[in-house]
Amino acid sequence: MPKEADRSDGRAPRVDVVTRDFTVNLKKRLHGISFKRRARRAVSEIRKFATQKMDTQDVRIDTNLNKFLWSKGVRNVPYRVRVRLSRRRTEDEEASDKLYTLVSHVEVKSFKGLENATVE
């Protein structure tokens with residue numbers, strides 16, 4: 001079994017616990033989705049985004065983020081959302097995955113000039 005430092009896909013070794021802020025553009029991810037499925041699809045797209053960025057299969061959506069996505073109804077999902085992805089250790093010893101990702105909402109006044117950032 002290869003070590004963490006010798007990843008075959010060429011990426012840097014993964015740090016166990018880390019927190020990062022991202023801006024997710026939901027408008028381009030929901031383009032062409034029918035009205036009655038948009039909010040539900042937004043939740044699954046954020047889940048897919050977190051899986052891709054944090055490299056964990058266990059993704060948990062915070063209730064405040066869920067309420068924000070559904071705040072304007074099923075049809076009118078917000079165009080952008082600022083999320084904080086926190087990769088954490090699982091407390092359950094019997095879990096197959098040792099890490100999970102918690103996705104929470106970060107309120108911002110404007111999305112102008114924001115970049116992806118690692119939170120210390």
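These figures come from a predicted structure and were not determined experimentally. Numbers here are sequence positions counted from 1.
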**OP:** Check the pair Val43, Asn66 against side-chain contact (heavy atoms from CB on, under 4.5 Å), reporting the backbone distance first and the verdict last.
**Re:** CA-CA 7 Å; Val43 173; Asn66 192 41; 3.7 Å; yes
Subject >> Pair Thr23-Arg82, side chain to side chain donor-acceptor pair (under 3.5 Å): steps then yes or no >> reply: CA-CA 4 Å; Thr23 301; Arg82 186 78 172 170; 2.6 Å; yes
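Arg20 places none of its side-chain heavy atoms less than 4.5 Å from the side chain of Asn116. Between Asp21 and Thr118, the closest side-chain pair of non-hydrogen atoms is not below 4.5 Å. Residues Leu65 and Ile46 are in side-chain contact: their nearest non-hydrogen atoms beyond the backbone lie under 4.5 Å apart. No side-chain heavy atom of Lys27 sits under 4.5 Å from any side-chain heavy atom of His31.
Under a 4.0 Å N-O distance rule, the pair Asp58/Arg60 qualifies as a salt bridge. Salt bridge status for Arg87 with Asp16: absent, with no side-chain N to carboxylate O gap under 4.0 Å.
One hydrophobic cluster holds both Leu26 and Phe68 under the rule that ILVMFWY side chains link at heavy-atom gaps under 4.5 Å. In terms of hydrophobic clustering, with Ile, Leu, Val, Met, Phe, Trp and Tyr side chains grouped at heavy-atom distances under 4.5 Å, Val77 and Phe111 are assigned to different clusters.
Here the closest non-hydrogen pair linking Arg75 and Phe35 is NH2-CE1, 3.3 Å. Closest non-hydrogen pair, Gly73 versus Ala39, comes out as O-CB, 4.1 Å. Smallest separation of non-hydrogen atoms from Leu30 and Ala42: CD2-N, 3.8 Å.
Rounding to the nearest 0.5 Å places CD of Gln52 at 12.5 Å from OG1 of Thr101. Rounding to the nearest 0.5 Å gives a distance of 14.0 Å between CG of Leu69 and CZ of Arg40.
Here Arg88 pairs with Ser86, Tyr100, Leu102 under the side-chain contact (heavy atoms from CB on, under 4.5 Å) rule; sequence neighbours left out. Take Lys98 and apply the side-chain contact (heavy atoms from CB on, under 4.5 Å) test, not counting sequence neighbours, and it matches no residue.
Under the side chain to side chain contact (heavy atoms under 4.5 Å, CB included) rule, His105 has a single partner from Ile61, Val81, Asp62, which is Val81. If you run side chain to side chain contact (heavy atoms under 4.5 Å, CB included) between Met54 and each of Leu99, Leu85, Val59, only Leu85 comes through.
Under the 30°/60° scheme for interplanar angles, the aromatic rings of Phe49 and Phe22 are found to stand perpendicular.
The local environment of OH in Tyr79 is sparse, with at most 12 non-hydrogen atoms from other residues, nucleotides or ligands closer than 6.0 Å.
When atom types are taken as modelled, the side chain of Ser110 and the backbone of Lys112 share a donor-acceptor pair closer than 3.5 angstrom. Remark: side-chain polar atoms of Arg38 are not paired, donor with acceptor, to backbone N or O of Ser34 under 3.5 angstrom.
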